*Asks:* 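After the structure tokens below, expect a handful of questions from me.
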Number of protein chains: 2
Amino acid sequence: MRPTVHDVAGEAGVSLATVDRVLNRRSGVRAETVARVNAAIVRLGYVRDISAANLAKQRVYNLLFIVPEGSNSFMLGLENELSQAKLYSVLDRTHLDIHKVKTFDADALAVALEGIDAGQVSGVALVATESERVRRALVRLREAGIPIATLVSDVSEAYRDHYVGIDNIAAGRTAASLIGRFVGERTGKVALVAGSMLVKDHAERCAAFEQAIRGEFPGLECLPAIEGRDDAVVTRALLAELLDRERDVVGLYSIGAGNRGVIDVLTSRAEYRGITVVAHELTDHSKQALRDGIFDAVINQDAGHEVRSAIRLLKARIDDTPVIANQEAIRIEIYIRDNLP
Amino acid sequence: MRPTVHDVAGEAGVSLATVDRVLNRRSGVRAETVARVNAAIVRLGYVRDISAANLAKQRVYNLLFIVPEGSNSFMLGLENELSQAKLYSVLDRTHLDIHKVKTFDADALAVALEGIDAGQVSGVALVATESERVRRALVRLREAGIPIATLVSDVSEAYRDHYVGIDNIAAGRTAASLIGRFVGERTGKVALVAGSMLVKDHAERCAAFEQAIRGEFPGLECLPAIEGRDDAVVTRALLAELLDRERDVVGLYSIGAGNRGVIDVLTSRAEYRGITVVAHELTDHSKQALRDGIFDAVINQDAGHEVRSAIRLLKARIDDTPVIANQEAIRIEIYIRDNLP
DNA sequence: GGAGTTTTGAGGTACGTAAAGCAGAATCTG
DNA sequence: CAGATTCTGCTTTACGTACCTCAAAACTCC
């Protein structure tokens, strides 16, 4: 049988209360005694029984997720995964709160963060838009002992405990490689369609993509990125105009949201079918575009995985328990028509 | 606060003992009373507290993993993930037993399965080699109420509760698309390097690959697959001979284990560098081959994910609890140089 | 309506830990 | 060395569920 606190107490020659004090980092134990208890713990291989501890503690994890109010389908997917997670959260004493703030609006995010009652919330995950005010708000929370995870979009490392999302620079390079390889011998121009360059992840993908194309595919030339601002109408208009103007576009990189607009334009003329397209985010639309041969590849981050990972990471911080690093790594997934899930 | 069994008893107007009988499916409760209790459970939204239940039950999950004794690096990786999982398994009352059997040997597997004491083991996961005797052994276990999960390699659906692994037909098609697209305008032959065609997953990948190449890339022609039997020396010899003989090989699909042998041969002559290569399984060797430009893409299934998923699925079966389907889907991962984890 | 059976109630113990209060011991301070 | 302070021991209650026993109540059947 597994050893219990009683066994540890016996082994260390101290009382159960002392073991409890050591285990829960309560004060009032001499360093020497602490060492003795810890030695006994190691000797016996004692591991705290989480079930019993949770039961006794009556702990409830109040996790707050702050996400941009959904315009694009990726964020809608993320929200959907959050509500899914909410269904199961009862099972492990977790209460998920979802707070929506205006997209791309650092001040709105800061207001949300500033409004958090540190006594009520045990952990926060947010899709970050960075600003000085946001950073200050994060500092306050962390000083109150609240762990912070950024989701999808990051802030500087110093202001959060975990980043849950992909390496956007690598993602941009990946897109470049795919387009370069798929285009093959042909030469020509590559169009870039972004949501907004104000968002760090889009900017990073874009820069990395351009650099990789320049460095490795001399036959290709990147056109200046157009910014669709997560709006299908705007994206459609800008892209249609661009493709109308530029005659030798052989590739297109859709950096973020706005796939619907891209698909609309690409299906509008037969001659556009030859363009090699790599897009981001797997949604119903982009899946269909893959099946139809409009998109050649889609780069994805698994929103469900991200939500579950953020929850696990925050809880691990709260409880000071270890984490399985591999399980928390968010992959840069590549999908083509044949490996759709 | 969350409702407890006491609340349910009150709401249903029965005693705690009756609620307990209903919850744990014990006999001696009239159907009508059962209905009343269940109605109360629904009304209150009662959910059993797993922590408390586990504590009271003193349940220990004894899970047995049967894996082929590792020759190839994928299986070694799987074993490694299993030992990793073992470290954390103490935390949730799970005991993992790992049993190794001779590779590709259905009888050895059957012997292992037949030797299982149904009273001691609560769930079994196995890398399957199918045979009549194996099927019989699985039937016996399932009749004893032991859930079965197949790992990486499947048996017919009727003989197991879950399959944890990728769709190998889709994987073969994926490889075909990648090679076809990467090769581009060039025409020529494609070499296939398998472990053994006796293993279902290799056979499936191979067949799907050949069919996809035939159907979609008329400029390419598949050579008969060579079987390296998971042995670097054999693979090396066969492949070297093949490439020496065939003059216009433009693509190579490494279907399973044996990547080391493939890499050896491909680096042996400068002229082989032009061959487009897609391989299976991400290991240190294949990662390096991607970085060096020897491999163009690697298709992978995440062994760690598979192990954790199998554990979750078996436990869910044992406890009769729900499962998050998306979390358990094993992806056909595509890696190129730029999106390595 | 009585004997027999089935269903239900009441109450207890146990699981391993958390968290308290209080008393007593050990150690430090001046 | 007295007094203050820090450390430790002992004990109790609680968490929510599982599982058991024994007795009482409610049914069945003849």
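Nothing here was measured: the structure is a model prediction, and the numbers come from that model.
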*Asks:* Taking only residues two or more places apart in sequence or in another chain, which ones pass side-chain contact (heavy atoms from CB on, under 4.5 Å) with Ala9(B)?
*Replies:* Val19(B)
*Asks:* Between Glu114(B) and Arg133(B) (salt bridge meaning N to carboxylate O under 4.0 Å), is one present in this structure?
*Replies:* yes
*Asks:* Check Arg135(A) with Glu132(A), please: is the shortest side-chain N to carboxylate O separation under 4.0 Å?
*Replies:* yes
*Asks:* So which pairs with a foot in residues 148-158 of chain B pass side chain to side chain donor-acceptor pair (under 3.5 Å), sequence neighbours left out?
*Replies:* Glu130(B)-Ser156(B), Thr150(B)-Asp154(B), Asp154(B)-Arg160(B)
*Asks:* Taking protein heavy atoms under 4.0 Å as touching, what does nucleotides 14-27 of chain D look like 5' to 3' if B marks base contact, S marks sugar-phosphate-only contact and - marks none?
*Replies:* -BBBBB--------
*Asks:* Less than 4.0 angstrom from a charged side-chain N to a carboxylate O is my criterion; do Arg43(A) and Glu11(A) meet it?
*Replies:* yes
*Asks:* Which is it for Leu64(A) and His99(A) under the side chain to side chain contact (heavy atoms under 4.5 Å, CB included) test, yes or no, and what are the steps along the way?
*Replies:* CA-CA 7 Å; Leu64(A) 175 62; His99(A) 188 130; 3.9 Å; yes
*Asks:* When you measure from the centre of the six-membered ring of Tyr61(B), is the NZ or CZ of Arg59(B) under 6.0 Å away and within 45° of the axis?
*Replies:* yes
*Asks:* If you walk 5' to 3' along DNA chain C, what is the first nucleotide with an atom under 4.0 Å of a heavy atom in chain A, and what is the last?
*Replies:* dG16(C) to dT27(C)
*Asks:* Using a heavy-atom distance cut-off of less than 4.0 Å, which residues of residues 312-319 of chain A contact DNA chain D?
*Replies:* none
*Asks:* I'd like to know if Arg93(A) pairs up with Asp49(B) as an ion pair, taking the criterion as any Lys NZ or Arg NE/NH1/NH2 lying under 4.0 Å from an Asp or Glu carboxylate oxygen.
*Replies:* yes
*Asks:* How would you list all residue pairs meeting side chain to side chain donor-acceptor pair (under 3.5 Å) that involve residues 81-92 of chain B, not counting sequence neighbours?
*Replies:* none
*Asks:* Working note: Leu23(B) + Ile41(B), criterion side chain to side chain contact (heavy atoms under 4.5 Å, CB included); need CA distance, chi angles, decisive distance, verdict.
*Replies:* CA-CA 10 Å; Leu23(B) 278 177; Ile41(B) 288 175; 3.8 Å; yes
